[in-house]
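Proteins come first, then strands; the chains are lettered A, B, ... in the order of their sequence lines, and each starts at number 1.
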Amino acid sequence: MYRHLERRLAQHVRDFLRRTYDLDLPRIVIEQPPTVELGEYALPLAFELAKKLRKAPRKIAEEIVAGIGPIEGFEKLELAGAGYINARVKRADLAAALAEDAKPPVQLPEGKVLVEHSSINPNKAAHIGHLRNAILGDTFVRLLQFAGREVDVQNYIDNTGVQVADVIVGFLHLEKKSRAEIEELVRAPRFDYYCWDLYARVSQWYEQDKQNLQARTETLHAVEAGGNETASVADLVSTAVLRRHLETMDRLDIEYDFLPRESEILHLHFWDAAFTKLKAGGVLFLETKGKNKGCWVMRRAGAVSTADTAELAEEDQKVIVRSNGTVGYVGKDIAYHMWKFGLLGRDFGYRKFYRYPNGHDCWVSTGTGALDHPHFGDVSEIYNVIDARQAEAQNTVIEALRGLGYNEAADHYTHFSYEMVALTPRCAAELGYELSDDDKARAWIEVSGRKGFGVKADDLIDTLIASAKKEVDARHAQLSDAERLQISTQIAVGALRYFMLKFTKSSVIAFDFKEALSFEGETGPYAQYAVVRATNIFRKGGLDPGGGDAASVSTAEFERYFSGETGNEIWELWLTASKTSYIIDQCIATAEPAYLAKHAFQLAQLFNTFYHRYPILAEADEGRKKFLLATVAVVRRELVRALAVMGIRIPPVM
RNA sequence: GGGCCCGUAGCUCAAACGGAUAGAGCAUCGGAUUUCUAAUCCGAGGGUUGCAGGUUCGAUUCCUGCCGGGCCUACCA
C-alpha cells in the first residue's frame with residue numbers, strides 16, 4: 001500500500017510541475033520525514049527547483065502546496081522547515097486497506113527470471129561462505145516470487161574441474177582405494193566431511209613434492225575426457241558430495257530446480273557452438289605472438305585500452321582457449337550463459353535427481369535424458385549469486401554477450417556480488433588452528449577449503465540447534481522431545497538466515513560464534529518471538545490470529561484512535577507494517593536483501609514496545625480492544641510475510 | 001603498476017536517488033515481572049563519519065589527493 005501511495009504522489013507532483021512550470025523531472029525524490037508526526041512522505045524537490053526557477057525554496061514549496069489540489073488517499077501537503085513539502089496520508093483509509101489486505105495491481109516485467117546460486121565445488125563439505133551464498137540466493141528467489149515473478153533456481157555443478165580431480169587424486173594416489181572401497185565410503189553418513197579432510201591432505205601432498213602435481217594433471221584430463229575408470233570414480237564421488245550439499249541446504253529450506261553440470265557442457269559440446277559464434281562475431285582473436293601465442297583471447301573486462309582486440313597488450317587479454325586447444329572456465333561460462341538466455345541453439349538432457357520431502361523434484365543435466373521434463377533456460381533476466389572475487393570473470397562473460405550483439409541479454413545480466421565470510425582470529429584460535437603473528441593482527445582470516453580451514457555448514461547448524469534446544473528444553477519441559485527439537489531447528493534456522501542477511505552484501509562478515517549463536521537483540525529469534533507473542537494474544541483470547549473478527553474497525557473509529565499522541569505511536573506501527581511490499585521492491589531493485597532484514601527487525605521492535613505498553617486482552621473499552629487486536633493482526637501478518645521471504649518460519653511456541 | 005571494494009560509537013554493523021537532530025545491536029551501568037511468556041521493555045553514557053582539499057543552499061554519501069586494509073590482475077576454477 002505504501003508504495004502505491006508513493007507512486008500516486010509522485011505522479012501528481014510530476015503533472016503539477018509540467019502544468020505549472022513546464023518542467024519535466026525524470027525522478028521525483030520522495031523520502032520519509034524524521035518522525036511520523038510530520039507526515040508520511042517528504043519531498044525535498046523545492047531545493048532542487050530553486051535554481052531552475054530562480055525563486056526561494058520556501059516560495060516554491062508554498063506554490064506547490066497551494067496549487068497541487070486534492071490527491072486521493074492524502075489528507076494534505078504541508079510546508080516544513082526551509083522548504084520541505086511533507087505529505088500526510090488519510091490514516092484511516094490506509095489502515096482500512098491494510099486491515100483487509102488490499103493489493104493494488106502491479107505491472108510485472110515479461111518473462112522468466114533465472115537465479116543461479118550455491119554452485120559449490122562437489123569435492124568437500126559446504127562451509128559458512130557457501131551458506132552466505134545460498135541464503136542470499138534463496139532469499140532473492142523468494143523476493144522475486146513474492147513480487148510475482150516466475151523464477152528458475154539453478155545450482156551450477158563443476159563436477160569435472162581441478163577441485164574434484166584433487167580429491168580423486170587423494171582417493172586413488174594417496175589412499176590407493178579400490179572402487180569397491182570408495183563405494184563403501186560414499187554410503188557413510190557425512191561423506192563430504194571425509195572429503196574435506198582428504199582434500200586438505202592432497203594440497204599438502206602437492207606441496208611436499210611438486211612432482212606430485214603430475215597426478216593432478218593426469219587425473220584432470222581423465223575426468224574431463226570421460227568414459228574411463230577415473231572419470232567414473234569422479235562421478236561417483238562428486239555425485240555423493242552433491243547429494244550431501246542438497247541435504248545440508250534442505251535443512252535451511254533451500255531448494256533448487258535444476259543442476260546444470262560441467263560434464264554436460266563439455267560432452268554436449270556447448271563450447272563448440274559458442275566458439276563458432278565468438279569467432280564469427282570477432283569477439284575472439286587468435287594471438288600470434290608473445291606470451292599468449294597460439295591462444296584465442298578476448299578483451300579483458302575493465303581493460304582501459306581502446307585498441308582493437310588484435311592489438312591489445314598482453315595484460316588486457318583474457319585467454320579463453322589455451323594453446324593446446326582446451327577451453328578455460330570463462331569460455332565454458334560464456335557458452336552456459338548463452339544457453340541461459342536461449343541464444344546457444346543447444347540444450348541439455350534432463351533427468352530427475354533429488355526429491356525434496358515436500359515432493360518438489362530437482363533435475364540434473366545429462367547426455368540423453370527424459371523426454372518429458374520442465375523447460376529450463378531461455379529466460380529474459382538472470383542473477384548470478386557469486387562472490388566479489390569473480391567480478392572480473394563475470395564482467396568478461398557480459399562483455400562477450402555484448403560483443404556478440406546480445407545487448408538485451410547483457411543488460412539483464414546481474415552479477416549479484418557479495419563479500420566473503422571470513423573468521424575472526426579469535427574464532428580461528430577457538431577452532432584449534434595455529435595462527436602466525438601476522439594472522440593474529442588481522443581483522444579477519446579468509447576461509448580456505450584447500451587448507452581445510454573453516455567452519456563446516458552442518459557443524460554450524462548442529463551447534464545452533466543444540467544451543468537453541470537448551471533454551472527450549474528449559475522453557476517447555478512439557479513438550480515431547482521431538483516437538484522441542486523441531487522448535488529448536490526453526491529457531492536455529494531463523495538465527496542463521498537472519499545473521500547472513502543482516503549484513504549488506506559489500507561487507508565482509510568476520511564470523512564469530514558468539515555473535516552467530518546469539519538469539520537476542522537484532523536476530524532472527526527476536527523477530528520470531530514477536531510473532532509468537534502476537535499469536536499468543538489471539539490464542540489466549542480464543543480469537544482467530546488471521547484477524548478475521550478484528551478487521552471490522554470502521555473508518556470513523558480508525559480516525560479516532562489514530563489521533564493524539566497515542567494515536568501517533570500506534571500509527572507508526574501500522575505505517576511500518578504497510579511498507580513490506582515497498583521494501584521488497586527496493587530489495588529487488590538494488591539486489592540487496594539486507595533492507596528486508598532491517599525492516600523485519602524494525603517492525604518486531606515497534607511491536608514489542610507496543611506489546612509492552614498496551615495490555616490488550618485486559619482492555620475494558622470493547623471498541624478500543626477491537627482496534628488494538630486489528631493492530632496485532634496486521635503487524636503479525638506482515639511480519640510473518642517478511643520472515644517467510646527470508647526463509648524464516650515461526651515456531652508454535654518459544 | 002592497473003582495476004574493484006572497504007574505513008562511521010569500545011566491538012559488530014545501518015544510514016535507498018546528496019537532505020531535517022548520523023541510527024541499531026552487543027558490551028557497560030541503572031531500572032521494570034503476582035501481567036497477553038523477560039529470547040522482552042525503559043533509561044544512561046558513548047561520534048571531529050581515516051586525513052586534507054573541492055563541488056553544493058546542504059556531504060557519511062559526489063569529485064581530487066593522501067593514509068590504512070582487503071580482493072582481483074595464471075594458457076587454475
Side-chain angles (χ1 to χ4, degrees), chain A residues 27-35 38 42 44 47-48 50-51 56-57 80-84 86 121 158 161-163 216 220 262 287 291-297 300-304 315-316 318-324 326 328-330 332-333 387-393 395 417 419-420 422 424 442-444 446 468 471-472 475 491 502-504 506-510 512 514-515 518-523 525-526 528-530 532-541 583 586-587 589-590 592 594-595 598 601-602 605 608-609 611-619 632 653-654:
Chain A
R27 260 204 321 267
I28 306 287
V29 175
I30 299 188
E31 301 168 341
Q32 286 146 45
T35 69
L38 293 174
F47 301 109
E48 193 185 336
K51 261 165 293 173
Y84 279 95
N86 290 338
N121 274 304
D158 182 4
V162 175
Q163 293 212 23
R216 167 194 267 180
L220 179 60
E262 188 173 83
E287 179 58 283
K291 183 167 75 87
N292 295 335
K293 183 176 178 183
C295 298
W296 287 88
V297 302
R300 179 186 297 286
V304 204
E315 66 264 23
D316 287 338
K318 175 72 195 167
V319 171
I320 303 298
V321 181
R322 304 177 188 111
S323 56
N324 66 5
T326 58
Y329 113 102
V330 175
K332 284 176 260 189
D333 227 22
D387 76 68
R389 287 170 292 196
Q390 297 197 44
E392 193 177 292
N395 288 333
S417 170
E419 274 295 347
M420 62 186 168
T424 60
R442 289 172 193 272
W444 66 73
E446 194 175 344
E471 295 290 327
V472 175
R475 289 159 203 250
I491 293 170
K502 72 192 254 194
F503 302 92
T504 53
S506 60
S507 165
V508 174
I509 298 181
D512 194 284
K514 187 169 164 289
E515 251 192 282
S518 169
F519 299 147
E520 291 169 14
E522 196 192 340
T523 66
Y526 176 95
Q528 289 172 312
Y529 186 60
V532 169
R533 285 178 135 183
T535 310
N536 282 347
I537 294 173
F538 292 105
R539 207 187 50 212
K540 281 272 165 97
I583 301 285
Q586 303 260 0
C587 289
T590 55
E592 180 52 89
Y595 298 136
K598 291 281 177 247
F601 176 64
Q602 198 197 346
Q605 214 174 17
N608 272 330
T609 305
Y611 177 91
H612 183 259
R613 199 160 302 175
Y614 303 96
I616 293 161
L617 295 178
E619 174 60 54
V632 179
V653 296
M654 279 181 80

- Task: Mind checking Ala422(A) for me? I need base, sugar-phosphate or nothing, with any heavy atom below 4.0 Å counting as a touch.
- Result: nothing

- Note on the structure: Residues at least two apart in sequence or cross-chain that pass side-chain contact (heavy atoms from CB on, under 4.5 Å) with Thr609(A), listed by chain then number, are Arg613(A)

- One should report the stems of RNA chain B, each a stretch of at least three consecutive Watson-Crick or G-U pairs at distances under 3.5 Å, as B:1-7 with B:67-73, B:10-13 with B:23-26, B:28-32 with B:40-44, B:50-54 with B:62-66

- Task: Only counting residues at least two apart or in another chain, list the ones meeting ring pair (Phe, Tyr, Trp, His ring centres under 6.0 Å) with Phe519(A).
- Result: none

Scan nucleotides 57-62 of chain B against the protein and return all N/O pairs shorter than 3.5 Å with their distances rounded to 0.1 Å.
none

- Task: Please confirm whether the backbone N or O of Gln586(A) pairs with a side-chain atom of Thr590(A), one donor and one acceptor, at under 3.5 Å?
- Result: yes

- Query: With rounding to whole Å, what would you report as the distance between rC71(B) and rC57(B) at their C1' atoms?
  - Reply: 40 Å

- Could you list the residues that satisfy side-chain contact (heavy atoms from CB on, under 4.5 Å) with Leu220(A), not counting sequence neighbours? Val162(A), Ala165(A), Glu224(A)

- Item | Asp316(A) CG to rG1(B) P, straight-line distance once rounded to whole Å | 17 Å

What's touching nucleotides 14-16 of chain B from the protein side, N or O pairs under 3.5 Å?
unit_1, atom_1, unit_2, atom_2, d
rA14(B), OP1, Thr504(A), N, 2.9
rA14(B), OP1, Thr504(A), OG1, 2.0
rA16(B), N1, Tyr582(A), OH, 3.4

- Who are the ring pair (Phe, Tyr, Trp, His ring centres under 6.0 Å) partners of Tyr595(A), not counting sequence neighbours? none

- Whichever of Ile509(A) and Phe601(A) has the more 5' nearest nucleotide on RNA chain B, that residue is Ile509(A)

- How far, in whole Å, is rG46(B) from rA9(B) if one measures between their C1' atoms? 6 Å

- Query: On a whole-Å scale, what distance lies between the C1' atoms belonging to rU60(B) and rA22(B)?
  - Reply: 8 Å

- What pairs with Thr424(A) under side chain to side chain donor-acceptor pair (under 3.5 Å), at least two apart in sequence or on another chain? Asp512(A)

- Note on the structure: Going 5' to 3' through nucleotides 71-77 of chain B and flagging B where a protein heavy-atom sits under 4.0 Å of the base, S where only the sugar-phosphate is that close, and - otherwise, we get SSS-BSB

- Message: Once you apply a heavy-atom cut-off of 4.0 Å, does Asn86(A) come out as touching a base, just sugar-phosphate, or nothing?
- Response: base

- Just call it for Pro33(A): base, sugar-phosphate, or nothing, with non-hydrogen atoms closer than 4.0 Å on any strand. base

- Residues forming a side chain to side chain donor-acceptor pair (under 3.5 Å) with Lys598(A), sequence neighbours excluded: Glu522(A)

- Message: Using whole Å, what does the distance between atom P of nucleotide rU12(B) and atom NZ of Lys514(A) come to?
- Response: 12 Å

- Task: Keeping the roles fixed (side chain from Asn292(A), backbone from Cys295(A)), state whether a donor-acceptor pair exists under 3.5 Å.
- Result: no

- Say you pick atom C1' in rA16(B) and the same atom in rU61(B); how far apart are they, in whole Å? 11 Å

- Task: Any chance you could list the contact pattern along nucleotides 30-43 of chain B? Use B for base contacts, S for sugar-phosphate-only contacts and - for none, protein heavy atoms under 4.0 Å, 5' to 3'.
- Result: ------BBSBSSS-

- For Val508(A), check side-chain contact (heavy atoms from CB on, under 4.5 Å) against everything at least two apart and list the hits. Glu419(A), Met420(A), Ala422(A), Trp444(A)

